[in-house]
Structures are given as C-alpha cells and as structure tokens.
Amino acid sequence: MSKLNPGKDSTRGPSNFVREIIIEDSKTNKFGGRVHTRFPPEPNGYLHIGHAKSINLNFGLAAEFGGKCNLRFDDTNPSKEETEYVDSIIQDVRWLGGDWEDRLFYASDYFGQLYEWAVQLIKAGKAYVCDLTAEQVREYRGTLTEPGRESPYRNRPVEENLQLFERMRAGEFPDGARTLRAKVDMASPNLNMRDPVMYRILHAEHHRTGGKWCIYPMYDFAHGQSDSIEGVTHSICTLEFEDHRPLYDWYLDQLGIYHPQQIEFDRLNLTYTLLSKRKLLTLVQEGRVSGWDDPRMPTIAGIRRRGYTPEAIRNFCDAIGVSKTTGTIELSLLEHYVREELNKRVPRVMAVLRPLRVVIENCPENQVEEMEAVNNPEDAGMGTRKVPFSRVLYIEQDDFREDPPKQYFRLSPGREVRLRYGYFITCTGLVKDNAGNVVEIRCTYDPATHGGNAPDGRKVKSTIHWVSAAHAIDTEVRLYDNLFRVEDPNQVPEGQNFTVNLNPSSLEVLKCAKVEPGLRGAAPGNRYQFERLGYFCADADSAGGKLVFNRTVALRDTWAKIEKAQQGKR
RNA sequence: UGGGAGGUCGUCUAAUGGUAAGACUGCAGACUCUGGAUCUGCGUAUCGGGGUUCGAGUCCCUGCCUCCCAGCCA
C-alpha cells in the first residue's frame, strides 16, 4: 500500500510503470535524485474518485521516495473557475491524506513570468499576434488528414508583435479579437503543433487576480512552465495529454528553462458511474441530484457524505494499479474495499428499516430486560453494550413470510428463530388489515433461551435483528443505488443525452425506520453497521433530535441472490 | 483515411526470453448467535498469422481491433 503520509513506514507500494520510471531516474541521477510531483486540478468543479487516483499516485510516489508533492491550481480560465471550487478541492485533498505542506500554488501566481516568457518568444521570432477569428483559425488549422495553412499574420515584424501584444494586455481589444500564437509548424501531423494559441483575450474577473489581466495563457503555455518554476521532476497526467507532450517539451526548450518530464497514465473509469466534471456539473445544475455532495455522486464530497473512508479509497487506488491501457474498473471492487475497511472499524447496531410489529404473548407486560450485545465481532476491544428487550418489538418485514419459499430460513407461522442477543421465538399467529397485509405477528418466546442460547442445544436456522418498540428511536434512512442504470452511462441512444441513463430509483427514503436507543445523538459522520443490512453513516441533515442515516453500502446478501435466482427460474 | 497510444481470465493488474500469477466478480462447499465476516475449492486469458530461439505474453515482420486529437477548455 502506498502512503500519503511520509511519517509512516516505508513498505513498498504495488509497482507500476510510473514508479519504475522514477526508480530508473533515481539510478541514473536524472534529476539529481529528486522526486517532486504535483497534483494540478482546475478549480472548475468538485474533485471525484478519478482525481483520488491521481492524488494517491502523486502524493504516494513523493512520500515513498522521500520527495515532495505540490498542490497547484491550474487556474488559467477565469470564465469557469471559482473560489468555491478551490475551497472544496483543498478540503478534499486534505481529507484524502495529501500533504502539500507549504506548497500551495496557483498557475495564476505565474502570470507575470508567463507574460515575460511570451515576450521572449516574440523577440526570438517564435510567436506572433494573429488577427484571425476563432472560426478562421479553425479553417486554417486543416484537418486530421490535411495540413493547415499559415496565418497571413504569421510573419509580422517582431516590433509590431511586441506592440500588439502589449496592447492586448492593455485591454485595447475586445474578447477574441486577437491571439498570441506560437510559430511552430502548420503542417505538423500533430494538430497541437499547428501554431497553437498561447494567449487569448478574456475580459473576465479572475478569482485571484481580479481585473488585473484581460489576457490569459492557454493550458499548454502555462502547465509546463509552472512545473518548471516549481522544480517538478515527474509531471504525471492522463492519457489525453499524450499529444500535448511535444508542445510541453517545445515551450520549455524554446525558453531554455528547467525541463521536467511529462508521463501519462490512464484515467479512472468506473462502471455505472460518470467521471466528467462537465457532466457532473450538469447533474447539479439541472437538480438531478441535491448538490455536488449528494451521496450518489462520485465526488469526494459525495462519497464522504455517503460514508466512504479515505483509507478505503486509498486501498482501492492501490489495488487498481496504474497503466497506459484504457480500461474500466468494476464498481464492485470499490465497494469491496469500503466493506473491508468498515467491517474492521465500525460498531454493530440493530436497526429495523421497514418495521413489522411483533408481540411476544408470554412476555410480561411491563418487563424490560437489558440484553448484552457485542459491538464488533471483528474486534473484541470494542466491547459490549446493553439493548432493551420487551413484550412488543419490531422486526424487518422482510424477515417474515406467511408462505415461506424454499430455502427461506426466517420467521413464518409455526417456525422458531433467534432474536439476536435476545430469545428464541416461535410464530403462533398473525394479524392482517382489511387489505390483507400482515400488520402484526404473534409469537411466544422461550425464557430459557435468554441471551440467544438454548440450554438444550437445539438449533434454529436463522437469527434476525429487532428493536424494542417502546425504546426504539424513529429515524429516517436513505438507501442509495447506482446513479445510472447502465454499466456505461456514456453509451447514449442517438439524439439523446446521458441523463436518459439515470436510474429513477437511485434514492429511496424510508421515513419510519427504527434504531436501537444507543444511537440517540449520533453525530453526522458517525458510521455503523446495521446488522444484516449494511453500513450506514449519520447524515449532516441529522439535527435537533432528528436522525438521518445514509446507507454507505449494503452487506453481501446471499438470500437476495437465492431469491433472485428462484424468481429467474419461474 | 494523418498523428499519438494501447490490446493477458468477465474486470483490473502482474509475469522485464524460462511452470501465465493475484485481486474483484461468479459458482460450489465449510463454519457461523449477522444468509455478515472468515476459510476451502472451481472456473475462464496472452487479438490473428508468420518468423527468431532449446524455449516467446515478452524479440522481429505482418494483419486486425480499441482509445485519444481538428476549443481562443483543461
């Protein structure tokens, strides 16, 4: 497992090609033995699980090799960037365990230097001010198979370029009127090299520099130089930037400045999940979800609210590896690491989601017993607690069937089951409403089985959970399913958009759930296993005595599988 | 159809010329006061065709397939 905290032990992480490159570079002393990475988000949206992969890689590698990792905002496009996003990103990276120490940077910190470098390229005859409109630039660029044509402004004298660029900066021209372009090669088979735009005119308020600038550098003219300024050694980015590497290298070489190495890896793709800031923004703006932190969102804020832990996410990131092959990870792998982590960490508790009233006929009216329950069978150190037992209880509707199907082991008329940490009970009857729904079941208990053990050694096929009706706390429970109902939400029918793939039942709210009294006052963020149901996390909406729980992930459910298979046969 | 990058179990990753391995998923079983957890077992893969070699997933040739690129986004 790689680590984000340099303080911990130095066990080797799983290897990957980036790590191999770094090891090789250390051997050859390519960067004087230094390892310096960076995580460079654009503050135009919230971070998601795909970013966690990059964060884990960059911070993990730096920690492993005794290097450094910067947090740098790639804020070169003021029309899309906001302080709210900066704040959320800082919070999320920190929550995931990334430590940038005092190295929090912004590409906008370098606007002055970038401008000077642009002037340097103009003077060297490597850049020119172009008056072509956006549409004309597109026409002149050529196509994938045909070379482009040179701009009529390409050979402007240096002095004229200098003056025009200065006037661009001074705000003399409207948005889009001119650009500063690099003079590279309009016939290059790599479109990025066909005189790429270095600066565009944008009269927009920047979240940090305010109104100081009205020209802003393009990504390509900012990223490599930012890396260079910060002394980055390995500039790790995703595969779609592979075509940009020649340009990354070109700018650095033309400028004659320190030259980091760009390395590209495959971005994360997850089944049933969309990892595109643009599309996630659409979901937020159209109100398809409650916000960036809706627990169904793959954002860090969303899965944190859902109850995922940083450790689980880190383990997941370590497990999926890093490569250059384009692939899609199954969501079940992520869920596996979430369960694995929560199983070890989290206390057990009894909760009934869809209550069915049970009356224990031979239990005295006013008797209340405190039953002892284990807090976590995986960790004896977590101790035990008392749970009240009385004559009227609630059990899960799902745990009773009037006509039990084959292999159904739970309660049904005449059958005996164990109430966890309670007693053995036998169903003696049931009560239905006018519509024929079972609204109450009648049982008897065997007082000799106090605590859940039969002195005569007899067995029951099933143990079910319960709460005491008089003591249980009412609570709201939110059950989540995949936000999308298809494996690949990007696969969309002609003429439609990705929202057609939204799962209409991704959220189910249960208003009448009951939890054992010990959960009174559970603080937002507290995690529990509701026995036999899943892992749940108290939501921020819990307030003023009201309790709300999010289902983080369900427990593996063997019976559900059997039942599904049975229904499939019919 | 130009350029770039990739093709190993269902999925992801490993094997760095020498027995194709692990995890997840799936299936079967054991155990169990959670049909949870845990444990055991099973299954399925080197894109195709040539070549080099004692030996090829790995090297060479060739074909096929997939992904990315024509923003004044990053």
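In what follows, chains are A, B, ... by sequence order, proteins preceding strands, each numbered from 1.
Judged purely by atom type and a 3.5 angstrom limit, A/T143 uses its side chain to pair as donor or acceptor with the backbone of A/E146.
The phosphate of B/C73 (OP1 or OP2) has a side-chain N or O of A/R200 nearer than 4.0 angstrom. Dashed line: the shortest gap from a side-chain N or O of A/R141 to OP1 or OP2 of B/C72 is under 4.0 Å. Distances shorter than 4.0 Å separate some side-chain N or O of A/T325 from OP1 or OP2 on B/U13. Here A/T76 reaches the OP1 or OP2 of B/A74: one of its side-chain N or O atoms lies under 4.0 Å away. The shortest distance between the side-chain N/O atoms of A/S323 and the OP1/OP2 oxygens of B/U13 is below 4.0 Å.
Here the C1' atom of nucleotide B/G71 and the CZ atom of A/F221 are 18 Å apart, to the nearest Å. The nearest whole Å value for the distance from the CZ atom in A/R267 to the P atom in B/A74 is 15 Å. Distance A/M218 CE to B/A70 P: 11 Å, rounded to the nearest Å. The CG atom of A/L202 sits 12 Å away from the C1' atom of B/G71 (whole-angstrom rounding). Protein atom CD of A/E396 is 16 Å distant from nucleotide atom P of B/G36, rounded to whole Å. Distance NE2 (A/H51) to P (B/A74): 14 Å, rounded to an integer number of Å.
Between A/T238 and A/E240, the side chains place a donor N or O and an acceptor N or O closer than 3.5 Å (distance only, hydrogens not considered). With no hydrogens or angles considered, a side-chain donor-acceptor pair links A/N375 and A/R385 at under 3.5 Å. At a cut-off of 3.5 Å, with distance as the only test, no side-chain donor of A/E335 or A/Y308 sits close to an acceptor on the other residue. Using modelled atom types, one finds a donor on one side chain and an acceptor on the other under 3.5 Å when comparing A/D227 with A/Y248. A/E369 and A/H450 share a donor-acceptor pair across their side chains, judged by distance under 3.5 Å alone. A/N58 and A/S54 share a side-chain donor-acceptor pair at under 3.5 Å.
Regarding the sugar-base torsion, B/G22 falls in the anti class, its angle being beyond 90° of 0.
Between the base of B/U38 and the side chain of A/E378 there is no donor-acceptor pair shorter than 3.5 Å. Counting distance only, with no hydrogens placed and no angle test, the side-chain atoms of A/E487 and the base atoms of B/G10 include no donor-acceptor pair under 3.5 Å. A donor-acceptor contact under 3.5 Å is not formed by the side chain of A/N190 with the base of B/G4.
When heavy atoms are screened at a 4.0 angstrom cut-off, A/P377 is found touching base atoms of the nucleic acid.
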Between the protein and nucleotides 24-31 of chain B, which nitrogen or oxygen pairs are less than 3.5 angstrom apart?
| unit_1 | atom_1 | unit_2 | atom_2 | d |
| --- | --- | --- | --- | --- |
| B/G26 | OP1 | A/K561 | NZ | 3.1 |

Strictly under 3.5 Å: I want the nitrogen or oxygen pairs between protein and nucleotides 65-67 of chain B, one per line.
none

Whether each nucleotide of nucleotides 39-44 of chain B has a protein heavy atom under 4.0 Å at its base (B), only at its sugar-phosphate (S) or at neither (-) is summarised, 5' to 3', as ------
Note, RNA chain B 5' to 3' with Watson-Crick or G-U pairs under 3.5 Å encoded as ( ), [ ], | and . gives .((((((..((((....[..)))).(((((.......)))))....(((((..]....))))))))))).....
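Place A/T449 and A/G327 on RNA chain B by their nearest nucleotides, and A/G327 ends up nearer the 5' end.
Just one residue in the list A/Y535, A/F536, A/F530 forms a ring-ring contact (aromatic ring centres under 6.0 Å, His included) with A/F549, and that residue is A/F530.
Ring planes of A/F111 and A/Y216: perpendicular class, angle over 60° (limits at 30 and 60°). Taking the six-membered ring where the residue is Trp, A/F39 and A/H51 present perpendicular rings, their angle passing 60° and hence far from 30°.
Of the residues in residues 166-187 of chain A, those with a non-hydrogen atom less than 4.0 angstrom from any atom of RNA chain B are A/G176, A/T179.
For A/E330, there are no salt bridge (Lys or Arg N to Asp or Glu O under 4.0 Å) partners at least two apart in sequence or on another chain.
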